[in-house]
Amino acid sequence: MIKAALADDSTQFAQKLDEAKDYLTVNPAHSLVILDSLEGLSTAPVDLYIQWHLLNARASVPTNQQDRLYDSINAVFAHSHTVTFKANLPTVLSALGIWLRHQEYLQDAEMSLECAYKYAKNDRQRLSLMNSIALLARNQNRYKKARNIYHKARQLAIELKQTPILAMLESNLGSLALDQGKVPEAEQYFRSALLGYQAIDKRAGQISAGIYLMFVFLIQKHIVNYERLQGPTSTLTNAFPNVAKQAWLQWLEARYHQLEGEIISQATRDELQVAYTQLESDKVKILVHRYLAKELSVDIIAPQPITEKSFSSSWFAKVKRCQW
């Protein structure tokens, strides 16, 4: 009887995990809601416990919940000796690399992502990791390396008809072009990325590409184009639990209203200063500082160059060795 009850609990737990997985593309915030509703995580079989944390990590990335992402990475490393952990090694190390990049442990992020690539099992995983490695190179201001990896991955994504990854690559190529002041080129990449994300109904992608596209429209003062995107992108952004994206939208809307002839109040400038601290990365802050702050007369300080630092943890030595 006890065994039957436990088996039934595990089956229901697994079904809920499948449901959370189904929402990852269209609404990762709802995946988190489903995961949080599950009871008995601490007593779940190890394979289900690891699956819960991997889904939690994957949903935490597009919703920009960095603490939550790290908690799951740390939790699964406690089971690094298990078959389930080793079977999901590329996913674990990819998530770790993303977290390390966000925390500015850039060399450690590179080690983690390269180890993940070593153990990648298929072209889709390799493509996703190539994207992450290029994104890291961008953070290191290694633009030539980033561009070469992006173009190589983009060609492979086209050949394999991997629309989700292709959209992500084109969005990141747009960001790279913006970093280098190539605004018209960035616009074309963001347009293509937005179409790709719309085709697969990936909300996080639609928000990101939509906001970037609105941004380049504002830079070029293409107000009509901005207004066409304003409604749907604002609706998606405000309904999505990502404070960083909402903060960027706040800056865009202030600039738009200014271009429409509104006088920006001191209260609005104060709110924009707070919103600036909530932006998701130094790269975004640099763009806001370069293209919006002066026009809006908002006094903010551009990010300083990243200071090299090292990540330490009881399990990170295993990542450095990369022998599983």
Side-chain angles (χ1 to χ4, degrees), residues 27 29 62-65 167 170-198 201-304:
N27 191 356
T63 54
N64 198 37
Q65 299 191 48
E170 292 188 320
S171 183
N172 286 334
L173 275 165
S175 300
L176 196 66
L178 257 187
D179 285 350
Q180 298 178 295
K182 301 173 182 178
V183 178
E185 179 183 322
E187 179 185 333
Q188 294 310 308
Y189 279 126
F190 291 133
R191 282 181 180 274
S192 183
L194 182 57
L195 288 173
Y197 284 131
Q198 288 172 336
D201 195 24
K202 186 169 185 176
R203 293 184 195 176
Q206 289 179 62
I207 290 166
S208 183
I211 286 178
Y212 265 112
L213 199 48
M214 288 166 68
F215 181 58
V216 298
F217 288 151
L218 283 181
I219 294 171
Q220 299 172 99
K221 298 182 181 177
H222 294 170
I223 301 302
V224 174
N225 286 340
Y226 181 92
E227 289 173 341
R228 286 175 181 153
L229 266 182
Q230 186 179 29
T233 304
S234 297
T235 299
L236 284 174
T237 304
N238 289 322
F240 200 80
N242 188 322
V243 173
K245 291 291 193 292
Q246 291 164 2
W248 198 0
L249 181 63
Q250 205 173 331
W251 273 87
L252 299 186
E253 289 290 84
R255 177 60 173 153
Y256 164 73
H257 289 304
Q258 184 187 47
L259 288 172
E260 286 293 279
E262 271 191 37
I263 303 298
I264 303 301
S265 68
Q266 187 56 49
T268 297
R269 292 192 181 96
D270 292 343
E271 289 170 2
L272 291 176
Q273 284 184 322
V274 174
Y276 182 73
T277 67
Q278 298 170 327
L279 295 173
E280 65 190 347
S281 70
D282 281 357
K283 289 295 185 186
V284 173
K285 287 179 180 177
I286 289 168
L287 291 173
V288 168
H289 184 270
R290 181 188 302 165
Y291 290 108
L292 300 178
K294 185 177 179 180
E295 283 75 5
L296 290 163
S297 300
V298 180
D299 186 19
I300 53 175
I301 299 172
Q304 297 299 306

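Distance CG/L178 to CG/N172: 11.5 Å, rounded to 0.5 Å. Rounded to the nearest 0.5 Å, atoms CG (L229) and OH (Y212) are 15.5 Å apart. Note that CG of L173 and CD of E185 are 8.0 Å apart. Values are rounded to the nearest 0.5 Å. Here the straight-line distance linking atom CG of L252 with atom CZ of F215 works out to 7.0 Å at 0.5 Å rounding. Rounding to the nearest 0.5 Å places CG of N27 at 10.0 Å from CG of L236. A distance of 8.5 Å separates CZ in R290 from CD1 in I219, rounded to the nearest 0.5 Å.
Residues that satisfy the side-chain contact (heavy atoms from CB on, under 4.5 Å) test with E295, not counting sequence neighbours, are R255, Q258. For T237, the side-chain contact (heavy atoms from CB on, under 4.5 Å) partners two or more places apart in sequence, or in a different chain, are I207, I211, T233, K245, Q246, L249. The ring-ring contact (aromatic ring centres under 6.0 Å, His included) search around Y256 returns Y226, not counting sequence neighbours.
The two atoms that bring L296 and R269 nearest to each other are O-NE, 2.8 Å, heavy atoms only. The two atoms that bring A275 and Q250 nearest to each other are CB-OE1, 3.7 Å, heavy atoms only. Smallest separation of non-hydrogen atoms from A254 and L272: CB-CD1, 3.8 Å.
Neither side chain, E170 nor Q188, offers a donor N or O lying under 3.5 Å from an acceptor on the other. A donor atom on one side chain and an acceptor atom on the other are found under 3.5 Å apart for E187 and Q220.
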